[in-house]
Amino acid sequence: MRRFNPQQLEAATATEGRILVLAGAGSGKTSVLVERCIHLVETCNISPDAILALTFTNKAAGEMRSRVARKLGKEKAEKITLSTFHSFCYSLLKNEIHHLGYAASFSIYQERELKRLLEQIAPYALEKTEGLSKDALYEMAKRPKSREDEKLKRFLSETMKAHNALDFDDLLEVTLQLFENFPHVLSVYQQRYRYIMIDEYQDTNRIQYELAEKLAHRHGNLFVVGDDDQSIYAFRGSDIRLILEFPHTSLIKLEQNYRSTPGILAIANHVIEKNPNRHGKTLRTAQIDPNLPHLFVAPTEEDEAKAVVLRILKLKEEKCLDWSDFAILYRSNTLARIFEVELLNAHRKEGDRFVRGIPYEVVQGTEFYERAEVKDLLAYLRMFHNPCDETAILRIINYPRRGISPDALKKITERQRSHHERLLHTLRHLPDSLSSAAKAGAAGFIRLIEEGQNTFKTRPLADAIRWLIHTIELQECLRQENKDDKMFQFKWQNVQAFVELAKTSGTNDLGEFLGGCMLDRLHKQNAGGERDRVQLLTFHSAKGLEFSACFLTCLEDELLPHEKSREEGTLEEERRLFYVAITRAKRYLTLSMAQKRKKYGAMKATNPSRFLFDIPKHCLEIEPFDRPHTFL
DNA sequence: GAGGCGTGGATTTTT
DNA sequence: TCCACGCCTC
Ligand SMILES: Nc1ncnc2c1ncn2[C@@H]1O[C@H](COP(=O)(O)OP(=O)(O)OP(=O)(O)O)[C@@H](O)[C@H]1O
């Protein structure tokens, strides 16, 4: 706090009332939040468990906690409730959801799973379903516009309740319902959280707003910080008006940027200026640095990736940076692939040896959890924990094969539906028409569930998972399925990585572990291992972070602005996204694009992002493209 | 009931 | 390019 300017100081020490900090990128908003936590505890003697600080991503929450811990010590820092809205609601519901008739062991359904479920129930919920895609059904249930839509929505929520399951939106919605219907529950939390603060407030949605208002109602101390120019989650329901119209007792603006060089700030301003309807914020910097951001145009996507990697090697050497000072940013997750390949193949000097590969981390990478073998294991765990989770059950009811064919399954679910039973009940009382193979399979499956539940209750988590893998003969099953040994090895490694994840997750509680997997996308790198890695992430997930050197890649029309944004009419949001990305860089910023990129396997010519034309030429150092002479 | 093969559709962004 | 799903045969 010593280095804070007067406005920051004011914000960090104004503890009472409703305070809005509205300020541009890199002006120290998050720093203020951190110092405010410290000030409350150290100077005002507020108990850390009276503080609720909500962030947008788990990564941001983690980062904030470690910054607070540096000053307050780990013990006090851990007592602060510091998480995303979703994690906060999840933990709260674990304790309180019984009021609403769910069990604490509730599952969390992914969007995909919800869509699939909608397809299954639609014929029973609607008059006619032909011509309705699963996306259309999803839209109907989420934002009902007619009686029919309402019917589908109700049917879905009844089904979800029967499955004892929530989706991501439900975590917030159900918490709000709880607060509305059980005032005595709300009052406990209102009482407890005397100071509430929210980061990235420009990206909160209506429900988050209502939750915050309800929680802050008693003490009235609500502190929100944000930047309307960085609102990039409208597609998820965030509403910029919530910050612009936030009723406040005090408004504080921060105008000094401490993060970036003047050259970086200049292009950020040129880009965002082109948006109409802005609430003109000024950003100054006191830094002196004559360097300009760079721009290069590569012939192909592969050339672009190679060039980025070479630049990283060169810059690291020249400026003595760590790997983790570098970030490669891109619009969509799939683009990470190309850079991963080049990072893996890069040769570099370490001391006087040549080594292959640059350490990197794909931030928020969900690839691991997308793997079928991992999803299967998770489904087993979910089923043991919450036997009503029929999405999980249906996924693995015949995997590995146990004789329950699609035909048999149809008979089972038909009976289930006509008798209004739980799936497990039907599996215990099978229809006679089933083949004997299916009957035997179902009986074995029921035994497995019972044994599994017992095992997971009594044994340490990793042991129990090993038991599961052994019992279902997963290794043999994978070997048989994958004639290609390499593929088998790869999948088996993922299975083992999952066991490792459980071992290092720091919990033996199945529910807690599952929560971590679903909400946090726990990663083995999170749990330890080498931290110093080049960071690969989307423009979206870079929000709130900063890096010494940033590479903004794939800056092509159709990618940025994304072609889909054209139909949606969200060009302004795409421009804000570019602004967010630019302002992540502290010292070195390189923009790049490729003239040809593969689309569905075929090379296709590209055009430069239209946003590049918003930057005056004199603000950039435009590099001719030298085909990188690799020493491979 | 299992497994192999061929076709057509897919990719935005996240908790 | 890849994967999911449907159709076919054993
Ligand atoms: N008063 C200050 N003096 C020097 N450096 C500061 C000061 N305040 C903040 N900083 C530094 O400026 C950088 C940006 O701060 P911070 O991340 O808090 O900004 P922010 O407003 O939250 O940014 P964004 O909106 O982009 O998330 C950080 O590296 C921080 O340490």
Side-chain angles (χ1 to χ4, degrees), chain A residues 54-61 83-90 108-112 114 116 119 133-135 166-173 175 200 203-205 207-208 231-238 329-338 363-366 369-372 398-411 434-441 477 480-483 487 515-521 537-544 554 556 558-568 570 573-574 576-578 580-581 597-604:
Chain A
L54 296 168
T55 60
F56 202 73
T57 62
N58 291 301
K59 196 176 168 83
S83 66
T84 60
F85 264 103
H86 288 86
S87 299
F88 171 67
C89 290
Y90 177 79
I108 296 174
Y109 280 11
Q110 303 284 304
E111 191 173 309
R112 280 227 200 115
L114 201 73
R116 181 156 275 247
E119 279 183 316
S133 69
K134 52 172 177 261
D135 293 323
L166 304 179
D167 77 351
F168 273 94
D169 296 334
D170 291 339
L171 288 173
L172 307 178
E173 266 164 39
T175 305
E200 311 279 9
D203 276 320
T204 47
N205 62 34
I207 291 180
Q208 292 170 327
S231 168
I232 54 175
Y233 281 92
F235 71 91
R236 217 180 88 176
S238 77
L329 299 119
Y330 35 79
R331 174 64 228 263
S332 62
N333 288 302
T334 42
L335 298 165
R337 242 310 123 60
I338 320 159
V363 177
Q364 295 290 326
T366 54
Y369 287 96
E370 299 291 319
R371 306 287 325 164
N398 200 34
Y399 183 86
R401 308 253 176 233
R402 48 176 72 90
I404 306 176
S405 68
D407 233 27
L409 190 57
K410 198 156 167 243
K411 284 182 186 151
L434 239 51
S435 72
S436 54
K439 280 182 180 158
C477 176
Q480 211 193 10
E481 279 172 353
N482 299 279
K483 301 275 138 60
M487 200 50 173
C517 290
M518 306 307 284
L519 246 42
D520 256 354
R521 308 266 90 177
L537 62 177
T538 62
F539 296 154
H540 279 90
S541 34
K543 191 174 73 159
C554 315
E556 297 136 33
E558 299 204 343
L559 249 26
L560 185 81
H562 198 277
E563 53 182 337
K564 296 235 163 104
S565 75
R566 218 157 332 170
E567 345 169 337
E568 290 170 0
T570 52
E573 178 145 317
E574 294 284 302
R576 289 194 290 269
L577 187 56
F578 191 32
V580 168
R597 184 172 302 281
K598 272 204 191 106
K599 200 178 182 186
Y600 301 138
M603 273 296 191
K604 221 182 140 239

- What does A:S435 touch in the nucleic acid at a heavy-atom separation under 4.0 angstrom: a base, only the sugar-phosphate, or nothing? sugar-phosphate

- salt bridge (Lys or Arg N to Asp or Glu O under 4.0 Å) between A:D203 and A:K543, intermediate numbers included: CA-CA 11 Å; A:D203 276 320; A:K543 191 174 73 159; 2.5 Å; yes

- Task: Would you mind telling me which residue lines up with the more 5' stretch of DNA chain B, A:T570 or A:I404, judged by nearest nucleotide?
- Result: A:I404

- Message: Within the 4.0 Å heavy-atom criterion, would you say A:N333 contacts the bases, only the backbone, or no part of the nucleic acid?
- Response: sugar-phosphate

- Task: Classify the nucleic acid contact of A:D167 as base, sugar-phosphate or nothing, counting any heavy atom under 4.0 Å across all strands shown.
- Result: nothing

- Show your reasoning for whether salt bridge (Lys or Arg N to Asp or Glu O under 4.0 Å) applies to A:K134 and A:E111. CA-CA 11 Å; A:K134 52 172 177 261; A:E111 191 173 309; over 6 Å; no

- N or O in side chain of A:T538 less than 4.0 angstrom from B:dT14 OP1/OP2: yes

- Describe the nucleic acid contact of A:Y233 in one word from base, sugar-phosphate, nothing, applying a heavy-atom distance below 4.0 Å. sugar-phosphate

- Note on the structure: side chain to side chain donor-acceptor pair (under 3.5 Å) with A:R331: of A:E556, A:E558, A:E574, only one passes, and it is A:E574

- Per A:R116 side chain, nearest of listed nucleotides C:dC5, B:dG1, B:dT13: C:dC5

- Contact class for A:F85 (heavy atom, under 4.0 Å): base, sugar-phosphate, or nothing? nothing

- Message: By the 4.0 Å heavy-atom rule, please label A:R236 as base, sugar-phosphate, or nothing.
- Response: base

- Determine the interatomic distance between P on B:dT11 and the same-named atom on C:dC5; round to the nearest Å. 12 Å

- Message: Regarding A:A438, tell me which of base, sugar-phosphate or nothing describes its non-hydrogen contacts under 4.0 Å with the strands shown.
- Response: sugar-phosphate

- OP1, OP2 of B:dG1 versus side-chain N and O of A:N398: anything below 4.0 Å? no

- Query: Does A:S405 place a side-chain N or O at less than 4.0 Å from the phosphate oxygens OP1/OP2 of B:dG1?
  - Reply: yes

- Task: Report yes if the side chains of A:Q110 and A:F168 come closer than 4.5 Å at any heavy-atom pair, otherwise no.
- Result: yes

- Query: Below 4.5 Å, heavy atoms only, C-beta onward: do A:L171 and A:L519 meet side chain to side chain?
  - Reply: yes

- Message: I'd like to check, for A:H562, whether its ring lies over the base of B:dT12 with centroids under 5.5 Å apart and a plane angle smaller than 30°.
- Response: yes

- Just to confirm, is there a sub-4.0 Å distance from OP1 or OP2 of B:dT12 to any side-chain nitrogen or oxygen of A:S565? no

